[in-house]
Asker: 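Here it is, the structure, as structure tokens.
The sequence lines fix the lettering, A, B, ..., with proteins before strands; numbering per chain opens at 1. Source: prediction; values computed, not measured.
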Number of protein chains: 2
Amino acid sequence: MKAIAAVKQILGNLYSSLPQHKIGSAFAPVNIALCKYWGKRDIELNLPITSSFSVALPELGTRTSISILHGEHDRIQLNNQDIAINTQFAERLIEFLDFFRFTSKIHFSVTTTSNIPIGAGLASSASGFAALVLALDKLFGWGLPKQQLSILARLGSGSACRSLWNGFVKWHAGTAADGMDSFAEPMAMIWPDLMLGICMVSTAEKKISSRTAMQRTVTTSKYYNMWPEQVMHDLVAIEAAINKQDFNLLGEVVEANALAMHALMLTTQPPILYTTATTITLMEKVWQLRKAGTQVYFTQDAGPNLKLLFLRKDIALIKKTFNLSSVITLFPSDEYYE
Amino acid sequence: MKAIAAVKQILGNLYSSLPQHKIGSAFAPVNIALCKYWGKRDIELNLPITSSFSVALPELGTRTSISILHGEHDRIQLNNQDIAINTQFAERLIEFLDFFRFTSKIHFSVTTTSNIPIGAGLASSASGFAALVLALDKLFGWGLPKQQLSILARLGSGSACRSLWNGFVKWHAGTAADGMDSFAEPMAMIWPDLMLGICMVSTAEKKISSRTAMQRTVTTSKYYNMWPEQVMHDLVAIEAAINKQDFNLLGEVVEANALAMHALMLTTQPPILYTTATTITLMEKVWQLRKAGTQVYFTQDAGPNLKLLFLRKDIALIKKTFNLSSVITLFPSDEYYE
């Protein structure tokens, strides 16, 4: 009920407006948190306990088209395949679409294509809900500011609020109970030489969802109460590092932030360990390479895969050392920064 | 200077007494902390921030003989080999022996044999300093209460104060600045079916000593301030589990305690990771086996090896699953509990 109230507050008079177009279509990139979002203060509204900071992977993401369907139920297509409406994927989407049915009879046709490697721990739901909200805005012709769209995306998946922009993005935790001050915004900072590589460890489905894992951390870890202090420190340090283009500082903070999140999960009851033997081997490789003088750092999300941060000058070395098929240029050209 | 003052306070009039015997000889067992000692409030006196709780491995340990040597310097023999006095091993021992030279001219001959697997992370220094203190007591004929000997052993190596007894032992952190209330004592509790197995992952020397690692944790981890609260909880739970002979409760707490210690090390600057890929594989094996109904838990010290806790009924299964050459009966017979 809080979520639908939030939607109504954002849409105002637009709430019951008819679609202005036949179809709305949009792309949203994947985002990787450099300072993690880990813990909610409101589960229904996806309100975070702390702010967080991400960078987009501009080439990877989701394109979604949405139109009105005159039928009995929604129709969902993912990568050219119809998705049964009783699947977890469809149910989560339909629940979100419920916020936007101006009559109970209306249904939607949603067509989504994604070039995200399956199971890479690349938060496909973040990119997916961001693309869906952008597509809805186009379909209905709301013309909402991106800050408002960020709030709507957040209601689908917390980190989706960060996937509306390329480049560096900060999600302000906010303090309001209704979440109206909890949205992301792009940072006016770029780093043309910054590169990211994904070390795929496993594409198997997670044993435990990040949603469940963060909730268990908040409710059972004795150590969680220090996390907000860590985040406050890390956010300041990350912005300072980017402003100074101090890559080693950025890397140290990003790596420490991820390790702390995983440390917290070791202290939950029961403990959560996304790290596998291969993850450890990769971490050791990163540390060995760094000891030998190469500037490379990792971050790790709720899964065993590592994302490597490094600079353009080291592309060849990193690709070879970690056997990467490709690397991602985080700031490919100026056109990405509106 | 604080350490020598502590020694003088304990020995009193005995401090400058002559040896009563030609030789003093004693054995002390290895001990494994079920609730870890991690962090000092006084580095010179090895005073801990929290209490801790251990169980002895009665078959594994150190036998040490000591006698007066009329020579230019101490003579140290380890497993039938002379040890050069400029090695780290000898220097630490000689520094400790300095506390007990009633004239500057006196030197000692120390002969130590150990059946501890090298590099197993079995705190050979704990067993070693405990045996040395017991041997000194016999050589000089002090006849000190074990509580006082525990304080002396602590000055050599913190956890050595727990290696003077078989069975369960609790080290009281104490609060006094001079450490006179920081000693171990045996618990009047036994568990005849309790077994321990050592999973050797690596016998390579540690990259970082536990001494350094715990100090870095105290000084750099934002999360350390919650550790004392964890220990307070875990100590109560461990004693309750032993009193009730509730093995699952014991295992849950012991495993969580070890994981929390290693989690803290991930949050130090720079991070410390004793866990290797093989450690993770073993942890997963323990969890899988437990999921399948076998009561087995692990603890991990400042190294990659795991120590498994289980019950007598599962000896065969555990030995086979983890390919152990032997397992240790923690409470082999009544004679061990004086």
Asker: Taking the side chain as C-beta and beyond, is there a heavy-atom pair between A:Tyr223 and B:Thr267 under 4.5 Å?
Answerer: no
Asker: At a heavy-atom distance under 4.5 Å, which candidate from A:Thr268, A:Asn225, A:Thr279 has the highest pair count against chain B?
Answerer: A:Asn225
Asker: Any chance NE2 of A:His233 has more than 12 other-residue heavy atoms, nucleotides or ligands included, within less than 6.0 Å?
Answerer: no
Asker: Between B:Asn257 and chain A, with a heavy-atom cut-off of 4.5 Å, which part of the residue counts as in contact: side chain, backbone, both or neither?
Answerer: neither
Asker: Measuring heavy-atom distances to chain A, does B:Leu266 have an atom under 4.5 Å in its side chain, in its backbone, in both, or in neither?
Answerer: both
Asker: To the nearest 0.5 angstrom, please state how far the CD atom of B:Glu284 sits from the OG1 atom of A:Thr275.
Answerer: 9.5 Å
Asker: Mind listing the closest non-hydrogen atom pair of A:Ala277 and B:Thr281 along with its distance?
Answerer: CB-OG1, 3.5 Å
Asker: Quick one: pull up CG in B:Leu273 and CG in A:Leu259 and give me the separation to the nearest 0.5 Å.
Answerer: 8.0 Å
Asker: Go through the atoms of B:Ala256 and report whether side chain, backbone, both or neither lie under 4.5 Å from a heavy atom of chain A.
Answerer: neither
Asker: Working to the nearest 0.5 Å, report the span between CE of A:Met226 and CE of B:Met226.
Answerer: 9.0 Å
Asker: Less than 4.5 Å to any heavy atom of chain A: does that hold for the side chain of B:Glu252, its backbone, both, or neither?
Answerer: neither
Asker: So what's closer than 4.5 Å to chain A heavy atoms on B:Trp287: side chain, backbone, both or neither?
Answerer: side chain
